[in-house]
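All remarks here apply to the structure that follows.
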Amino acid sequence: MLLLLHRAMVPGLQQASRLRSTLRLCIRACSTDDSFQPQHPSRTFSDDNSARRGWGVMGTLLGLGAVLAYHECRCRADQESPRVYTREEVSSHCSPKTGIWVTFGHEVFDVTEFVDLHPGGPSKLMLAAGGPLEPFWALYAVHNQPNVREILAQYKIGELNPEDKAPPTLENSDPYAGDPPRHPALKVNSQRPFNAEPHPELLTENYITPNSLFFTRNHLPVPNLDPDTYRLHVVGPPGGQSLSLSLDDLRQFSKHEVTVTVQCAGNRRSEMTKVKEVKGLEWTTGAISTAHWAGARLCDVLAQAGHHLSETEAHVCFEGLDSDPTGSAYGASIPLARALDPEAEVLLAYEMNGQPLPRDHGFPVRVVVPGVVGARHVKWLGKVSVEPEESYSHWQRRDYKGFSPSVDWDSVDFDLAPAIQELPIQSAITQPRDGETVESGEVTVKGYAWSGGGRAVVRVDVSLDGGLTWQVAELDGEVQRPRKAWAWRLWQLQAPVPAGQKELNIVCKAVDDSYNVQPDTVAPIWNLRGVLSNAWHRVHVHVAP
């Protein structure tokens with residue numbers, strides 16, 4: 001009998017040992033803290049050793065039962081053929097209530113029990129719930145290692161049906177059928193046209209936003225352009241010579257590089273919707289991202305075409321190669337004085353973070369206007385001209401303008417308001433998330449801050465009690481240049497949680513070098529288009545008992 005028990009126990013114990021070992025490897029591989037070290041509590045001895053031994057025997061018996069049960073389950077599973085699932089079945093398991101399933105290659109895994117153990121936090125693993133792991137492991141390469149794959153194997157429950165191909169996202173007859181694939185970590189606000197933002201916890205993980213996570217703001221279908229036949233038409237002044245520039249022609253200009261934050265005018269629009277309904281996409285805090293751009297300076301290209309500063313008002317008008325079924329293209333404009341100023345660093349960009357522009361972000365050429373609202377950063381650029389008036393595009397004349405809270409759609413007159421160019425001071429909290437439960441003791445608050453027009457962020461104030469008291473956050477990221485602070489500052493605050501506190505009302509507000517500061521509430525800045533939403537950002541969290 002003892003021999004039979006031994007034969008049953010040993011493989012199970014070896015398997016349990018491997019599980020413990022791989023779990024330790026997982027923690028080391030996935031942890032972002034290089035200083036991670038396992039903790040060994042010191043042993044103490046006292047007169048209750050006999051009681052401890054009693055509990056130890058009971059624990060051993062319980063552990064033995066678990067090992068035997070686990071081993072029997074594993075043996076039975078090894079003898080059975082793997083179960084086959086469809087992608088639709090997998091996608092339906094995306095919450096703790098239904099179970100959390102993911103795929104890797106052709107295999108299916110039930111990671112429900114592992115979610116809370118994930119060293120990167122449950123929220124990151126939940127982004128892949130019901131879908132493939134590959135897009136996320138491409139972002140976090142530390143996961144795609146043998147020891148992590150060994151841990152994942154413990155949760156395998158079956159395989160994907162080889163005949164169940166991934167369904168196309170759009171029908172061939174749809175004008176958006178040619179749109180590029182997107183990263184599943186993006187929170188989609190509209191599919192046609194495609195508009196999406198990264199989740200807050202991913203947004204500020206890096207100073208530079210990865211291309212695949214950069215927020216996407218499209219107004220029309222994404223054009224599929226051939227870089228070999230692409231031409232940028234630059235209209236010359238009267239008596240001058242127009243230019244027709246290929247991608248190689250643009251590369252002949254001196255290459256200029258600059259790190260720039262791009263923010264949509266509708267960023268945080270969802271907070272205005274809570275005050276009163278507005279018209280527009282429900283952006284939260286993610287319609288903002290930062291990239292390192294490279295290309296030809298617009299001022300150099302305009303100079304070659306013969307343009308120079310005018311004594312009268314003039315505008316540089318941009319026209320994209322994206323168009324609706326009627327042939328109307330997206331367009332916008334900026335003042336000529338900004339376009340010709342070398343210090344303004346306006347680019348005709350063909351690189352984003354050291355790579356050719358992704359299709360969603362303007363391949364092969366887009367405009368990048370540092371310090372100016374994203375609506376003027378025209379993508380898939382086809383034409384540049386200098387005109388006595390701003391662009392007649394709908395998006396310049398009849399959109400992206402701010403109004404008094406008293407103006408509604410019956411009384412609005414778009415001709416009375418200037419088009420948005422530079423944006424006001426902005427900041428938002430990306431960690432913790434609204435509604436999250438944080439540990440008692442100390443809380444870490446993270447976020448971003450940015451101001452338009454090259455104005456530097458000089459301070460971010462954070463409150464844990466709804467604005468009654470304030471603490472100054474630490475600013476991270478690149479040091480900003482005077483009058484050329486084109487990119488955001490990331491910030492964080494580590495602060496003690498007041499003893500006995502059951503919840504925190506966390507608030508942030510930023511100040512720029514002109515001492516502009518965010519307004520405290522949304523209602524006074526509400527407008528019918530929900531743009532320029534920059535009130536104090538607030539999250540409410542619970543404190544674990």
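Side chains included, hydrogens not; waters and symmetry mates left out as well; all remaining heavy atoms used. In this text the structure is predicted, and so the values were computed from the model without any measurement.
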Contact check, side chains of [X] and [Y], non-hydrogen atoms, under 4.5 Å:
X	Y	value
E257	E351	no
T290	V260	no
T285	Y448	yes
D408	V412	no
W470	K509	yes
T259	E478	yes
V301	L245	yes

Judged by modelled atom types alone, do [X] and [Y] share a side-chain donor-acceptor pair under 3.5 Å?
X	Y	value
D434	H540	no
Q396	H394	no
E201	T430	no

Practice prompt. Answer yes or no for K446 and W491: cation-pi contact, defined as NZ/CZ to six-membered ring centre under 6.0 Å and angle to ring axis within 45°.
Written response: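 So K446 doesn't make the cation-pi contact.
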Worksheet item: Looking at Y350, is R251 sitting on its ring face, NZ or CZ under 6.0 Å from the six-membered ring centre and within 45 degrees of the normal?
Response: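 Because its charged atom sits under 6.0 Å from the ring centre and within 45° of the axis, R251 does stack over Y350.
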Practice prompt. Determine the sole option in D226, L232, D228 for which the side-chain contact (heavy atoms from CB on, under 4.5 Å) test with Y230 is passed.
Written response: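 Between Y230 and the candidates, side-chain contact (heavy atoms from CB on, under 4.5 Å) is satisfied uniquely by L232.
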[X] with [Y]: basic N within carboxylate O range, under 4.0 Å:
X	Y	value
E343	R481	no
D322	K379	no
R459	D461	yes
D360	R182	yes
D415	R398	yes
R297	E345	no
E271	R268	yes

Please find out if less than 6.0 Å separates the ring center of [X] from that of [Y].
X	Y	answer
F214	W293	yes
F363	W380	no
F318	Y330	no

Worksheet item: Considering all heavy atoms of both residues, which atom of N218 and which atom of N195 are nearest to each other, and what is their separation?
Response: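 For N218 and N195, the tightest heavy-atom pair comes out as N-OD1, 2.9 Å.
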Item to complete: Work out which heavy atom in G320 is nearest to a heavy atom in V378; give both atom names and the distance.
Response: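 Heavy atoms of G320 and V378 come nearest at N-CG1, 3.7 Å.
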